[in-house]
Amino acid sequence: MTARKSVVVTGVGATTPLGGDAASFWDGLLAGRSGVRDLTEDWAEQLPVRFAARVAVEPSAHLKPVEMRRLDRSAQFALIAAREAWKDAGFDGKFAEPNRLGVMVGSGIGGVTTLLSAYDDLLNKGPRAVGPRTVPMLMPNSPAAYVGLEFDARAGVHAPVSACATGAEAVGHAIEMIRSGRADVVVAGGTEAAIHPLPIAAFANMMAMSKRNDDPQHASRPFDVSRDGFVLGEGAGILVLESAEHAAARGARVYAEAAGVGFSADSHDIAQPEPDGRGVAEALAFALEDADLSAGDVKHLNAHATSTPRGDLAEIMAFRKILGSAAEDVAISATKSMHGHLLGGTGAIESVATVLALHHRQAPPTINIETLDPEVTLDIVRDKPRALPEGQIAALNDSFGFGGHNVVVAFRSV
């Protein structure tokens, strides 16, 4: 029987509301800084929610004008983060063995702003005004395709779509792609650019978003007794995953081991999680088994924690069920309190945060908790970073999405 390949993280990239690269994103997390702002567009005045977490640096500062014209905003974010992660991993230009390079980059909604803008052109100016690149821009697989073109990836270019679990699912499938021997290196992550009146109105009308228009920077408050929904964010997170053997052969710096992944599905409701967190618990259990970890190995967890009343409690119940008494020793961070909810990009950017937490031995804080929900009886890292233990430890990143998708990615320190 062939031994299963170990997978490691050798590069990270981030385009986020806290900073335009992974270093500034990490600094923002440790500082407990909010990336949420009032929306200044004219259309925002008509909406029930008038704030969001936009990226800190506009893509035009990083991309050529031709790239800005041809790529949807979600693909722009992905390409910028991928270039950063690629360079951070020690690569330069296209990959020397393209048949051994894969891409796994997803988006929850795809090019929604391109689609809606093109429809406006159709209605207001007629069919000849619709741009010839509209379809390749709006396709959900467009970010993955552009990242694949960038580095000449030929082992497979894939684009998972599983709502807010998309980014974590991409990382999980990338681990499996390397384990199976299909690739030595996979560029993996998620991206989203859905700050537009239609998604905001739709999420607000289903009571999923916070409506604290008078205090946007304190609107995302995971686990707080007065939480009232998520804050929409945008951006991308990208990781370079690599077989440990390949990374060692080229002397690459390793952030952490991508030790395992667990997938499950609620099959309960299209938008609501199971109240007792059954599906989440199953994904947690599968991830621990896949990574060959015990509950006691886990010392940090970056929670999905969108700040919705039901979702946050279901998640806590799942942690309790699977980690048992060991859950008392897990430092839990809810970083959406600072960068908002990036939908399909969120599992990827939170994977970046989890990897950096292991690498730097620092758990980021959760901000905006004024009164902790009494049903949240675990150790939430609040207001300032927390040092993580020395020695070999593990950290988890969990993500859940409309449709009942549950994904947990396990990382181990090196």
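- Side-chain atoms of Thr166 never come within 3.5 Å of backbone atoms of Gly344 as a donor-acceptor pair (strictly under, hydrogens ignored).
- A donor-acceptor pair shorter than 3.5 Å cannot be found between the side chains of Asp120 and Ser117.
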Steps toward salt bridge (Lys or Arg N to Asp or Glu O under 4.0 Å) verdict (Glu282, Lys321):
CA-CA 10 Å; Glu282 289 179 351; Lys321 181 176 182 180; over 6 Å; no
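- Residues Ser226 and Arg221 approach most closely at OG-NH1, 2.9 Å, considering heavy atoms.
- Counting heavy atoms from C-beta on, the side chains of Glu84 and Ile238 never come closer than 4.5 Å.
- Listed for the Arg83 side chain is no donor-acceptor partner under 3.5 Å among the backbone atoms of Ile80.
- Summarising the local packing, CE of Met68 is surrounded by more than 12 heavy atoms from other residues, nucleotides or ligands at distances under 6.0 Å.
- Using modelled atom types, no side-chain atom of Lys5 and backbone atom of Glu242 make a donor-acceptor pair closer than 3.5 Å.
- Note that the CZ atom of Phe223 and the CG atom of Asn368 stand 13.5 Å from one another [nearest 0.5 Å].
- With sequence neighbours excluded, no residue forms a side chain to side chain donor-acceptor pair (under 3.5 Å) with Asp292.
- Once rounded to the nearest 0.5 Å, the distance linking CD1 of Ile109 with CG of Leu115 reads 11.0 Å.
- The minimum heavy-atom distance between Ala89 and Arg250, with the atom names listed, is O-NH2, 2.8 Å.
- Asp38 CG to Arg50 CZ: the interatomic distance, rounded to the nearest 0.5 Å, is 8.5 Å.
- The aromatic ring centroids of Phe263 and His173 lie less than 6.0 Å from each other.
- Leu343 has its side chain within reach of Leu232: a pair of non-hydrogen atoms, C-beta onward, lies under 4.5 Å apart.
- Residues Gln392 and Ser413 bring no donor and acceptor atom of their side chains to less than 3.5 Å of each other.
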Run the side chain to side chain contact (heavy atoms under 4.5 Å, CB included) test on Ile200 and Trp43 for me, step by step, so that the C-alpha distance in whole Å, both residues' side-chain angles and the decisive distance to 0.1 Å come before the verdict.
CA-CA 11 Å; Ile200 292 175; Trp43 48 255; 4.1 Å; yes
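- Evaluated for a side-chain contact (heavy atoms from CB on, under 4.5 Å) with Ile316, the options Leu378, Asp373, Val280 yield exactly one hit, Leu378.
- With a 6.0 Å radius and a threshold of 12 heavy atoms from other residues, nucleotides or ligands, Glu41 has its CD atom above the threshold.
- Note on Arg212 versus Asp228: salt bridge recorded, some NZ/NE/NH1/NH2 to OD/OE distance being below 4.0 Å.
- The shortest distance between side-chain heavy atoms of Asp379 and Ile332 does not fall below 4.5 Å.
- Remark: side-chain polar atoms of Glu257 are not paired, donor with acceptor, to backbone N or O of Val414 under 3.5 angstrom.
- Salt bridge annotation for Glu328-Arg320: present, with a cationic side-chain nitrogen under 4.0 angstrom from a carboxylate oxygen.
- Between atom NE2 of residue His360 and atom CH2 of residue Trp26 there is a gap of 6.0 Å, rounded to the nearest 0.5 Å.
- Formation of a donor-acceptor pair under 3.5 Å by the Thr15 side chain with backbone atoms of Gly235 is not found in this model.
- No side-chain heavy atom of Ser220 sits under 4.5 Å from any side-chain heavy atom of Phe230.
- Cation-pi geometry between Arg253 and Tyr255 is satisfied (NZ or CZ under 6.0 Å from the ring centre, within 45° of the ring normal).
- In terms of modelled atom types and a separation under 3.5 Å, the side chain of Arg33 and the main chain of Leu18 share a donor-acceptor contact.
- Within the 4.5 Å cutoff, no side-chain heavy atoms of Tyr146 are placed close to those of Glu150.
- We find the CG-CD1 distance between Asp383 and Ile369 to be 7.5 Å, quoted to the nearest 0.5 Å.
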I would like to know whether Thr335 and Ser333 meet side chain to side chain donor-acceptor pair (under 3.5 Å); could you show each step before the answer?
CA-CA 6 Å; Thr335 55; Ser333 303; over 6 Å; no
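- For Arg227 (side chain) and Thr308 (main-chain N/O), a donor-acceptor pair under 3.5 Å exists by modelled atom type.
- Put simply, the side chain of Pro143 does not reach to within 4.5 Å of the side chain of Phe77, judged on heavy atoms.
- In this structure, Val157 and Leu149 have side chains that are not in contact, with every pair of non-hydrogen atoms separated by 4.5 Å or more.
- For Arg278 (side chain) and Asp266 (main-chain N/O), a donor-acceptor pair under 3.5 Å exists by modelled atom type.
- Residues Val254 and His359 come closest through the heavy atom pair O-ND1, 4.5 Å.
- Residue Ser337 comes nearest to Ile367 through the heavy atom pair OG-N, 3.1 Å, listed as atom of the first residue, atom of the second, then distance.
- Side chain of Asp290 to main chain of Phe286: no donor-acceptor pair is present (N/O by atom type, distance under 3.5 Å, no hydrogens or angles).
- Shown here for Gln76 and Glu67, the closest heavy-atom pair between the two residues is NE2-O, 4.3 Å.
- In this structure, His246 and Glu97 have side chains that are in contact, with non-hydrogen atoms separated by less than 4.5 Å.
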Show your reasoning for whether side chain to side chain contact (heavy atoms under 4.5 Å, CB included) applies to Asn213 and Phe51.
CA-CA 7 Å; Asn213 290 308; Phe51 57 91; 3.4 Å; yes
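- Taking the six-membered ring for Trp, Phe91 and Phe151 have ring centres at least 6.0 Å apart.
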Should Arg37 and Gln217 be marked as a side chain to side chain contact (heavy atoms under 4.5 Å, CB included) after you check the CA-CA gap, both sets of side-chain angles, and the distance that decides it?
CA-CA 7 Å; Arg37 301 286 185 272; Gln217 294 200 350; 2.9 Å; yes
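- No side-chain N or O of Asp27 forms a donor-acceptor pair with one of Ser24 less than 3.5 Å apart.
- Comment: Glu315 does not engage Lys336 in a salt bridge, judged by the lack of any side-chain N to carboxylate O separation of less than 4.0 angstrom.
- Judged purely by distance below 3.5 Å, without hydrogens or angles, the side chains of Asn406 and Asp398 never pair a donor atom with an acceptor atom.
- Using modelled atom types, one side-chain atom of Lys299 and one backbone atom of Gly296 make a donor-acceptor pair closer than 3.5 Å.
- In this structure, CG in Leu138 is found 9.5 Å from OG1 in Thr113, a value given to the nearest 0.5 Å.
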For the pair Val376 and Leu313, evaluate side chain to side chain contact (heavy atoms under 4.5 Å, CB included) and give the outcome as yes or no after the intermediate values.
CA-CA 7 Å; Val376 179; Leu313 284 186; 4.0 Å; yes
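- Between His304 and Ser399, the closest heavy-atom pair is ND1-CA, 3.5 Å.
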